[in-house]
2 protein chains.
Amino acid sequence: MNDNLPDEGRYAYEGLDRVLHEKARLGIVTSLAARADGLLFTDLKSLCNLTDGNLSRHLTVLQEAGIVEIHKGYRGRRPQTLCRLSDEGKKRYLDYIAVLESVLEDAVEASKLAKKVRSKVLPEGFSPA
Amino acid sequence: MNDNLPDEGRYAYEGLDRVLHEKARLGIVTSLAARADGLLFTDLKSLCNLTDGNLSRHLTVLQEAGIVEIHKGYRGRRPQTLCRLSDEGKKRYLDYIAVLESVLEDAVEASKLAKKVRSKVLPEGFSPA
DNA sequence: AGAGTGGCTTTGTGGTGGAAAGTATGCGGC
DNA sequence: GCCGCATACTTTCCACCACAAAGCCACTCT
């Protein structure tokens, strides 16, 4: 096939960071993005409707990816974990969001085109099995 | 904790359909959304920069989920597979996109708030480990 | 002191994305 | 006619990972 299609890879969305492109983590990071002071483990848990185990696991992943900073401390004698977006994390989040925006643009364009009536004609030379 | 936070579950994004919320499949479906007449296997392959095996698997998933219709035919003697978004698929795609939009809104709001200087003060009662 | 709760971490597992390998057919050269 | 290479997929395999369940520790209440 013609490799020089202008549209080659048009919908590949390579910039969609795997670490961020994940329901739960997307929620976590988005909620963190809004609060420069960070959020507590328990707040995140209820904001994102996650179980303890789940949140813990995702936070570890995000931390290892350098996206969040995790500060373990105490409130009185009880452990209290504070999570913040790192600068690096903020950067990557913004990049990710930019790609999402382009996905959305594609989607909008698509639904415009989709208004056209679907032709009943199959591509030339095509014959059903 | 107070369960009646107005923000409970605010960032849970429950509507983010797992089948669609996937780099590769998101690309596939988005490209299909624009063309009511569908696309051929090979076109999808190059549009989304997928390997044959990958594309094949994702198409099966999408078909089993009732999102795409797959028509296997022949062009001359060579097999030729045509893929189209089903009506159901179009519906689910639009729902998904709507959720994506709200993620984006959250992100925009977040970056507005993030303009505020990050306070150096840790939450009350918090002491580093 | 024993039951209950809050705040996490660790373990177990079923599911899945993607690479690699496999199948089947067609075409061109010699 | 068959050898090699290409097209058009499908199937197999594996490493990873999201999520649930169980575990852990400290505090509180009674």
Side-chain angles (χ1 to χ4, degrees), chain A residues 1-3 5 12-14 16-29 38-65 67-68 70-83 123 125-127 129, chain B residues 1-3 5 12-14 16-29 38-65 67-68 70-83 123 125-127 129:
Chain A
M1 174 191 254
N2 178 8
D3 235 5
L5 287 186
Y13 301 137
E14 317 250 340
L16 268 191
D17 192 328
R18 283 226 94 93
V19 178
L20 294 175
H21 188 66
E22 174 67 43
K23 220 162 106 86
R25 270 165 346 226
L26 186 52
I28 294 172
V29 172
L39 284 167
L40 298 175
F41 188 95
T42 32
D43 298 336
L44 275 174
K45 204 179 105 175
S46 85
L47 281 172
C48 304
N49 273 154
L50 290 168
T51 61
D52 294 10
N54 245 269
L55 177 53
S56 181
R57 213 38 214 56
H58 286 305
L59 282 179
T60 306
V61 171
L62 287 169
Q63 183 184 31
E64 277 165 3
I67 291 172
V68 302
I70 298 193
H71 306 271
K72 294 180 194 222
Y74 285 92
R75 166 157 194 125
R77 295 279 201 95
R78 288 180 173 290
Q80 183 164 268
T81 301
L82 180 69
C83 312
F126 185 88
S127 58
Chain B
M1 180 194 249
N2 178 7
D3 234 4
L5 288 185
Y13 302 134
E14 318 251 341
L16 268 191
D17 192 328
R18 281 227 99 91
V19 178
L20 294 176
H21 188 65
E22 175 66 43
K23 221 163 107 84
R25 277 177 325 239
L26 187 52
I28 293 172
V29 174
L39 283 168
L40 299 175
F41 189 94
T42 32
D43 298 337
L44 276 173
K45 205 180 104 176
S46 86
L47 281 172
C48 304
N49 272 153
L50 291 167
T51 61
D52 294 10
N54 245 269
L55 177 53
S56 180
R57 265 191 105 282
H58 287 304
L59 283 178
T60 306
V61 171
L62 287 168
Q63 182 184 31
E64 276 164 5
I67 290 172
V68 302
I70 299 193
H71 305 271
K72 294 180 195 222
Y74 285 92
R75 165 158 193 122
R77 295 279 201 93
R78 290 182 168 289
Q80 184 164 271
T81 302
L82 180 69
C83 311
F126 184 89
S127 58

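- Whole-Å rounding puts the B/H21 NE2 to D/dA18 P distance at 11 Å.
- Residue B/S56 has no polar side-chain atom (N or O) positioned under 4.0 Å from OP1 or OP2 of D/dC9.
- Within the structure, a side-chain polar atom (N or O) of A/R25 is placed less than 4.0 Å from OP1 or OP2 of D/dA18.
- For A/H58 and D/dC19, the shortest distance from a side-chain N or O to OP1 or OP2 is below 4.0 Å.
- How far CG of A/L47 is from CD1 of A/I28: 10.5 Å, rounded to the nearest 0.5 Å.
- Distance CD (A/Q63) to P (C/dC8): 14 Å, rounded to an integer number of Å.
- Here the SG atom belonging to A/C48 is positioned 9.5 Å from the CG atom belonging to A/L26, to the nearest 0.5 angstrom.
- The nearest whole Å value for the distance from the CG atom in B/L39 to the C1' atom in D/dA8 is 16 Å.
- Comparing A/N54 and A/R78 by the nucleotide of DNA chain C that holds the closest heavy atom to each, the one mapping nearer the 5' end is A/R78.
- For B/T42, taking side-chain heavy atoms from C-beta onward, the closest of the listed nucleotides D/dA8, C/dC8, D/dC9 is D/dA8.
- Two residues are said to be in side-chain contact when any heavy atoms from C-beta on lie closer than 4.5 Å; B/I67 and B/R25 fail this criterion.
- Looking only at side-chain heavy atoms (C-beta outward), A/L40 and A/R75 stay at 4.5 Å or farther from each other.
- With a 4.5 Å cut-off on side-chain heavy atoms, A/V61 and A/R57 count as touching.
- Following rounding to the nearest Å, B/L82 (CG) and D/dA8 (P) show an atom-to-atom distance of 14 Å.
- Comparing B/F41 and A/V61 along DNA chain D, the residue whose closest nucleotide (by nearest heavy atom) sits nearer the 5' end is B/F41.
- Taking the side chain of A/R57 as heavy atoms from C-beta on, and the options D/dA18, D/dA8, C/dT9, the nearest nucleotide is D/dA18.
- Counting to the nearest Å, the C1' atom of C/dT10 and the CG atom of A/L59 are 15 Å from each other.
- Taking atom OH of residue B/Y13 and atom P of nucleotide D/dA18, one finds them 18 Å apart after rounding to whole Å.
- Considering only side-chain N and O atoms, A/R18 lies nowhere under 4.0 angstrom from the phosphate OP1 or OP2 of C/dT16.
- Atom pair B/L50:CG and D/dT10:P shows a separation of 14 Å (rounding to whole Å applied).
- Distance from the side chain of A/T81 is smallest to C/dC8 among D/dC9, C/dG18, C/dC8.
- Distance NZ (A/K45) to C1' (D/dC19): 15 Å, rounded to an integer number of Å.
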